[in-house]
Amino acid sequence: HAKADGKNAYRLYNKEMNQQASERVALQADLRKALDLHQLHLMYQPKFDAQTGGMIGVEALIRWQHPERGLIPPARFIPLAEESGAIQAITEWVLRTACKQAKIWYETSSFPISVAVNLSAYSLKRNNAPIMVQHALKETGLPAHLLELELTESMLIENDQHAEETLNDLKQLGITIAIDDFGTGYSSLSYLHRFPIDALKIDRSFVWNMNRSDSDLAIVVAIIAMAHSLKLKVVAEGVETKAQLAALQKSGCEIIQGYLLGRPTTAEDITIQLKRMAS
Ligand code: C2E
Ligand code: MG
Ligand code: MG
Ligand code: MG
């Protein structure tokens, strides 16, 4: 019976939605305690000079080791943290932890490497990012030019006047600013030019297809050319194959990141790689 089926489908749908909602509430409650319980940690993914192959920096990527659910990726819990407001404390912790670690590398390694932190839209909207960054730099003593912030185009488009002021305040501190996942957010480079930006990270969806699709290759080549004309550096993310690497080198991309050259790893492992570079 069509009517009965419809009713059952509705009940099922409702039940599933309720389950999702209560799971969200449960995760949010756990997330509030995660920092105090030391369940959050950072992995570091290296970035390499496309020409020399030397490591020039790392990107901090957060992980949540949940006692029952196992390892939870950021895509799963950062939106929940934004919704509950927990993102505030988490961002402060990420900044402090990443800067502290980068200061250790700065003091112990013969190669200066930068550390990049992903900023959530919430922190930009609340305009507290400059204060948080200033605190982290002061507390850890990391030279400002070794800290990079990664933010997405959509964060700028949503609130451009306010975002412009916040980015100018951040830039005043002497840090570097990069646009993450570039090419996915429908903004033009000329529009982005009003913001004090140092680098573009080409989204990995374009990198992924550049050897199979002429149009994706054309997009990558065009982004690199335009970025250079605006004096921006270009980072390619998600580089997984030698063919991608070769095409990017040929197009003049300066910085390479991806599984081909280095997966996200522990701070200890980065330290070992730095020692190997020195010898
Ligand atoms: P993102 O900043 O664009 O980071 C790149 C993501 O791609 C990372 O996933 C990284 O592990 C993955 N990746 C790197 N190289 C490759 C590759 O060659 N192939 C493939 N398939 N993937 C690659 P992850 O660590 O799961 O992070 C996902 C997103 O979560 C990040 O995207 C970033 O937007 C966000 N995120 C991570 N850490 C933080 C944080 O501390 N705070 C905030 N607000 N967001 C964070
Ligand atoms: Mg990033
Ligand atoms: Mg990215
Ligand atoms: Mg991404």
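Quick caveat, the model's predicted, so the values are computed rather than measured. Counting starts at 1 for both ligands and their atoms, following the listed order.
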Handout entry: Within-cut-off N or O pair, Ile62 and ligand 1, under 3.5 Å
Key =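 Yes.
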Exercise for the section: Give the numbers and elements of all ligand 1 atoms closer than 4.0 Å to a heavy atom of Ser120. Expected result: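 Near Ser120, the atoms of ligand 1 are 44 (N).
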Exercise for the section: Just jot down the ligand 1 atoms closer than 4.0 angstrom to any heavy atom of Val239, in number order. Expected result: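 Contacts of ligand 1 toward Val239, numbered from 1: 18 (O).
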Exercise for the section: Please identify which atoms of ligand 1 are closer than 4.0 Å to at least one heavy atom of Val94. Expected result: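 Contacts of ligand 1 toward Val94, numbered from 1: 41 (O).
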Exercise for the section: Have a look at Glu237, Glu150, Arg204, Glu82 and point out the one with the heavy atom closest to atom 12 (C) of ligand 1. Expected result: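 Among Glu237, Glu150, Arg204, Glu82, the closest heavy atom to atom 12 (C) of ligand 1 comes from Arg204.
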Practice task
Output every pair passing ring-ring contact (aromatic ring centres under 6.0 Å, His included) with a member in residues 78-136, not counting sequence neighbours, ordered by first then second residue.
Solution key: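 Qualifying pairs: Tyr44-Trp105.
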Exercise for the section: Would you name the heavy atoms of Pro112 and Ser110 that are closest together and state the gap between them? Expected result: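 Minimum heavy-atom contact is CD-O, 3.9 Å.
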Practice task
Work out which heavy atom in Ala98 is nearest to a heavy atom in Leu42; give both atom names and the distance.
Solution key: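 Nearest pair, atom of Ala98 first, then Leu42: N-CD1, 3.9 Å.
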Handout entry: Atom of Glu237 closest to the Mg ion (ligand 3), considering N, O or S atoms
Key =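 Checking each N, O and S atom of Glu237, the shortest distance to the Mg ion (ligand 3) belongs to OE1.
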Exercise for the section: For the pair His228 (side chain) and Lys233 (backbone), establish whether a donor and an acceptor sit closer than 3.5 Å, ignoring hydrogens and angles. Expected result: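 Here the side-chain-to-backbone pair does not exist.
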Exercise for the section: Find all atoms of ligand 1 within a distance of less than 4.0 Å from any non-hydrogen atom belonging to Gln45, and give their numbers and elements. Expected result: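 Atoms satisfying the 4.0 Å criterion: 14 (C), 15 (N).
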Exercise for the section: Look only at the side chain of Thr97 and the backbone of Val94, and say whether a donor-acceptor pair between them is shorter than 3.5 Å. Expected result: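 It does not hold such a pair.
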Practice task
Would you tell me which option among Glu240, Arg263, Lys201 has the nearest heavy-atom contact to atom 21 (N) of ligand 1?
Solution key: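 Comparing heavy atoms across Glu240, Arg263, Lys201, the nearest one to atom 21 (N) of ligand 1 lies in Glu240.
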Problem - Contact with ligand 1 for Gln257, non-hydrogen, under 4.0 angstrom - result: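 False for this residue.
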Problem - Test item: Glu237 side-chain N/O and Arg204 main-chain N/O as donor-acceptor pair under 3.5 Å - result: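 Pair found, side chain donor or acceptor close to backbone of Arg204.
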Handout entry: Met43, portion touching ligand 1 at heavy-atom distance under 4.0 Å
Key =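 None of Met43 does.
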Practice task
Give, rounded to 10 degrees, the angle between OE2 (Glu59) and OD2 (Asp180) as seen from the Mg ion (ligand 2).
Solution key: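 Taking the Mg ion (ligand 2) as the apex, the two atoms subtend 180°.
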Problem - Closest Asp181 atom to the Mg ion (ligand 3) [N, O or S only] - result: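 Within Asp181, restricted to N, O or S, the Mg ion (ligand 3) is closest to atom OD1.
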Exercise for the section: Taking the side chain as every heavy atom from C-beta outward, state whether Gln244 and Gln249 have any pair of such atoms under 4.5 Å apart. Expected result: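 Heavy-atom side-chain distance check fails, nothing below 4.5 Å.
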Handout entry: Angular separation of Glu150 OE1 and Asn118 OD1 about the Mg ion (ligand 2), given to 10°
Key =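 The angle at the Mg ion (ligand 2) comes to 100°, rounded to the nearest 10°.
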Problem - For Gly258, the ligand 1 atoms whose distance to one of its heavy atoms is below 4.0 Å - result: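 Listed by number with element, the hits are 15 (N), 18 (O).
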Exercise for the section: Treating Ile, Leu, Val, Met, Phe, Trp and Tyr as nodes and any side-chain heavy-atom pair under 4.5 angstrom as an edge, say whether Val117 and Ile87 lie in one connected cluster. Expected result: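 Same hydrophobic cluster.
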Practice task
Give the single entry among Thr184, Asp180, Ile72 that approaches atom 1 (P) of ligand 1 most closely by any heavy atom.
Solution key: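 Among Thr184, Asp180, Ile72, the closest heavy atom to atom 1 (P) of ligand 1 comes from Asp180.
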Exercise for the section: Please assess Lys47 against Glu148 for the test salt bridge (Lys or Arg N to Asp or Glu O under 4.0 Å), listing each intermediate value before the final yes or no. Expected result: CA-CA 12 Å; Lys47 295 181 185 176; Glu148 181 164 43; 3.0 Å; yes
Handout entry: Per-atom contacts of ligand 1 with Pro264, taking only distances under 4.0 Å to non-hydrogen atoms
Key =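 By the 4.0 Å cutoff, the relevant atoms are 11 (O).
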Exercise for the section: Spell out, as yes or no, whether a donor-acceptor pair under 3.5 Å connects the side chain of Asp198 to the backbone of Ile177. Expected result: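 Here the side-chain-to-backbone pair exists.
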